[in-house]
Amino acid sequence: MASSLNSILQSSVQTAQQASSSLSEALSRSAASSSADGMSQVKSVVDGIADKIGRHRGTLFDDNALEAVTGDMYVNVGGRTVVIGADALKMDGIRDTYCSILLLRHTDALPRIIQAQQTTPDGRPLPFLDASPSFGLWLEDRAAMAQGDGRFVTDLTGDESEDVSIRFYHEALIDNKLVLDDDEEMETEAAGEDAGEGVEERQFLRWARDAGMESTADAFRSALKKTQRIAAAVTKLYETIGGYLTTGGTGEVMCVRVRSHLCATVEATLTQPNIHRALHHRFNTTWVGDVTETSPSHFQSAIDFARRQRLSAPSTVIDPPHAPRPLNRSLKFVVERCGMTLEPMLKLGASLMANPSSLASASQLMDVVRMVDSKKVASVRVLYRGGEHGWALSKLLECVGDAKGLAFIIRKDEYLFGCHVDGGLTPPADSTTVNTYECPVFFFSLEGHFDEGCTKIPIAANRHRVWVAGTDAFDTANMGKAKLVIGKALHQSYRLTNGYLRFAHTMANAGDGADESTDLRSCLQGIAHYDVPDGYEGAVSDTFDGDAVLGGSYHFQIDDVEVLHTEMRCFLTSLVVTLTPGTH
């Protein structure tokens with residue numbers, strides 16, 4: 001923060017007040033009343049910022065409090081006491097980071113480590129940062145270097161970036177900055193000229209511009225926008241650092257010694273619903289014998305895995321700890337003894353789950369969830385696997401049932417791709433017919449088509465349709481017959497009658513004696529070139545003007561397919577119920 005929060009907000013309020021007074025004098029009584037309402041909105045935003053900071057016992061408004069923090073700061077980080085020079089945290093490069101704001105401006109809100117008799121030189125209990133000791137040592141070392149050469153180097157080395165116990169906290173606390181006085185860097189810039197303005201305020205600004213006082217109106221609007229952006233930035237700050245503060249519900253600091261090493265975390269880490277009580281029990285004296293026979297570094301890794309699950313933001317993947325191959329068996333044993341598994345975890349809302357897919361990685365599956373709507377997806381589970389359940393449409397329909405919100409993930413050689421159907425799969429009542437219905441659909445690539453990796457492929461609205469054939473029927477198109485079709489419009493030109501994805505497809509040129517396929521592995525897939533996003537580098541058709549063929553060719557045999565249910569949540573006031581797409 002090149003300028004203090006207090007001075008920036010005071011300037012914004014003063015600008016808004018001056019503009020409001022000028023406009024009130026020049027405009028009609030009704031406009032003046034609207035001006036007062038607009039000024040009230042500015043003050044309400046500022047009061048909300050002050051209230052949020054006050055509830056978290058922060059000193060962002062008090063620059064004198066910051067100046068009073070000097071000398072060495074003793075902080076216990078995950079059980080390891082480190083010494084950090086306060087002046088180093090005030091240097092350019094680190095000063096505006098969440099880490100600096102957390103340690104310098106929220107010291108009183110940090111939990112205190114009492115059980116292990118950890119004290120400052122003057123005898124006070126040490127403030128506790130619930131992070132990995134590895135990150136604490138990294139921060140201590142970089143602060144010491146900064147005091148030596150006058151600059152704080154925040155970048156990670158190659159080895160440090162490979163260590164998840166450092167990388168996670170670096171991304172959360174060092175990469176994130178509270179930027180208040182640079183409009184271009186504020187990520188919460190409202191979209192649209194009138195975004196964030198109330199009805200009365202928009203009318204008030206129109207009156208001002210109609211009266212030839214556009215610059216004054218713009219000054220008022222700019223002041224309001226700045227306070228709103230600051231409010232959003234402060235909200236984001238506490239969404240990230242709140243989990244480290246007692247005001248965020250950390251509970252007391254829990255400690256246990258593993259041989260000569262002190263291991264510590266907060267109670268909130270050990271009492272997460274998804275964390276087995278086995279980890280909590282290891283901080284109980286009745287389990288000390290078991291803990292003393294454990295590798296200290298591996299036990300710290302297990303604690304930190306649980307800690308990162310608590311501190312991670314929703315819609316993220318929490319990577320497990322890693323050890324060199326010869327030691328991985330020991331790490332796996334310790335993590336499992338603590339009631340967890342050594343695999344990535346997906347955080348959907350406040351819930352955590354292991355990756356259910358055998359085809360997509362955890363990060364790839366989370367990308368699909370984000371494409372759907374990560375704020376609404378409550379869980380993801382596999383309903384059908386071709387290699388496990390068989391390749392008949394009837395088996396697919398049996399496994400899927402009436403579920404709505406289906407992600408098809410297809411593996412073909414080096415290609416991984418699929419589509420998401422917002423509805424379900426509904427067969428016709430008459431087995432000799434084909435049922436077709438409108439349903440939001442999009443395609444996606446996970447591997448083999450774009451440099452940037454996972455990419456959403458929206459399609460034209462008229463193709464948001466599913467076709468499900470009865471037991472004794474097929475969907476017929478110019479290139480053949482199929483049992484299940486996704487992304488086919490009702491009326492299309494000859495070359496596009498096939499649809500974008502066809503399962504159990506028999507080519508039209510297969511010959512009169514060829515059997516009609518009911519095997520879902522036989523696929524026809526192609527996306528018209530005008531529906532393909534820029535940057536596509538996968539296979540294209542030589543026949544149809546460069547259409548994208550995600551499986552490497554139009555007609556192919558898939559290696560495997562999964563159908564996953566993206567189950568949705570719906571919020572009704574304080575009541576949370578789980579629904580599926582299209583039912584709310």
Side-chain angles (χ1 to χ4, degrees), residues 164 167-168 171-172 175-176 187-191 232-233 235-243 272-274 305 308-320 343-383 403-409 416-424 439-447 450 452-459 464 533 562-584:
V164 67
R167 184 179 70 245
F168 173 85
E171 290 175 350
D175 288 347
N176 279 315
E187 299 176 356
T188 52
E189 178 74 56
T235 296
K236 180 185 174 185
L237 167 73
Y238 286 114
E239 286 175 349
T240 302
I241 72 170
Q272 296 175 84
N274 59 290
F305 191 26
R308 288 186 286 109
Q309 291 179 39
R310 179 179 73 86
L311 294 171
S312 291
S315 307
T316 55
V317 175
I318 301 95
D319 292 324
E343 57 182 303
M345 301 294 291
L346 289 81
K347 192 166 188 177
L348 301 174
S351 303
L352 285 126
M353 59 181 294
N355 178 19
S357 175
S358 60
L359 297 181
S361 68
S363 60
Q364 288 172 333
L365 186 57
M366 184 59 77
D367 281 332
V368 174
V369 169
R370 293 190 189 105
M371 293 174 194
V372 176
D373 189 341
S374 58
K375 293 181 180 180
K376 294 182 180 179
V377 176
S379 66
V380 181
R381 60 192 178 97
V382 175
L383 301 180
K404 293 179 172 62
L406 305 175
F408 290 73
I409 298 180
L416 191 65
F417 62 96
C419 65
H420 186 272
V421 176
D422 200 39
C439 178
V441 172
F442 68 82
F443 283 75
F444 54 81
S445 163
L446 300 181
E447 287 178 15
F450 295 89
E452 57 268 30
C454 302
T455 302
K456 185 175 183 178
I457 306 175
I459 62 175
H464 289 201
E562 289 179 337
V563 180
L564 299 95
H565 183 203
T566 53
E567 193 170 11
M568 307 292 274
R569 64 165 58 88
C570 180
F571 297 93
L572 300 174
T573 61
S574 61
L575 175 67
V576 180
V577 295
T578 302
L579 297 173
T580 49
T583 65
H584 60 282

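Keep in mind it's a predicted model, so treat the numbers as computed, not measured.
No donor-acceptor pair closer than 3.5 Å links the side chain of Asn355 to the backbone N or O of Met366.
Partners of Val164 by side-chain contact (heavy atoms from CB on, under 4.5 Å), not counting sequence neighbours, listed by chain and number: Arg167, Arg308, Asp319. Residues satisfying the side chain to side chain donor-acceptor pair (under 3.5 Å) criterion with Ser363, sequence neighbours excluded, are Ser361. In terms of the side-chain contact (heavy atoms from CB on, under 4.5 Å) criterion, residue partners of Pro458 (sequence neighbours excluded) are, by chain and number, Lys456. Residues passing the side-chain contact (heavy atoms from CB on, under 4.5 Å) test with Pro320, sequence neighbours excluded: Phe305, Leu342, Pro344. Every ring pair (Phe, Tyr, Trp, His ring centres under 6.0 Å) that Phe442 has, sequence neighbours left out, goes to His420.
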request  = Apply side chain to side chain contact (heavy atoms under 4.5 Å, CB included) to Glu567 and Val377, showing your working.
outcome  = CA-CA 6 Å; Glu567 193 170 11; Val377 176; over 6 Å; no
ask   = Could you walk me through whether Val382 and Val563 pass the side chain to side chain contact (heavy atoms under 4.5 Å, CB included) check?
value = CA-CA 6 Å; Val382 175; Val563 180; over 6 Å; no
inquiry  = Between Leu564 and Leu365, does the side chain to side chain contact (heavy atoms under 4.5 Å, CB included) criterion hold? Intermediate values first, please.
reply    = CA-CA 10 Å; Leu564 299 95; Leu365 186 57; 4.2 Å; yes
query = Going through the checks in order, is the side chain to side chain contact (heavy atoms under 4.5 Å, CB included) test met by Leu359 and Leu416?
reply = CA-CA 8 Å; Leu359 297 181; Leu416 191 65; 4.2 Å; yes
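For the pair Met353/Leu348, a side-chain contact is recorded, criterion being any heavy-atom separation below 4.5 Å from C-beta on. For the pair Arg381 and Leu383, the minimum side-chain heavy-atom distance is below 4.5 Å. The shortest side-chain heavy-atom distance between Thr566 and Lys376 does not fall under the 4.5 Å cut-off. For the pair Phe444 and Thr455, the minimum side-chain heavy-atom distance is 4.5 Å or more.
Nearest heavy atom pair, residue Pro533 against residue Phe450, reads O-CE2, 3.8 Å. For His464 against Ile459, the heavy-atom pair with the smallest separation is NE2-O, 3.2 Å.
Pairs of residues two or more places apart, or lying in two chains, that qualify as salt bridge (Lys or Arg N to Asp or Glu O under 4.0 Å) and include a residue from residues 346-370 are Asp367-Arg370.
Inspection of the Gln309 and Asn274 side chains reveals an N or O donor paired with an N or O acceptor under 3.5 Å.
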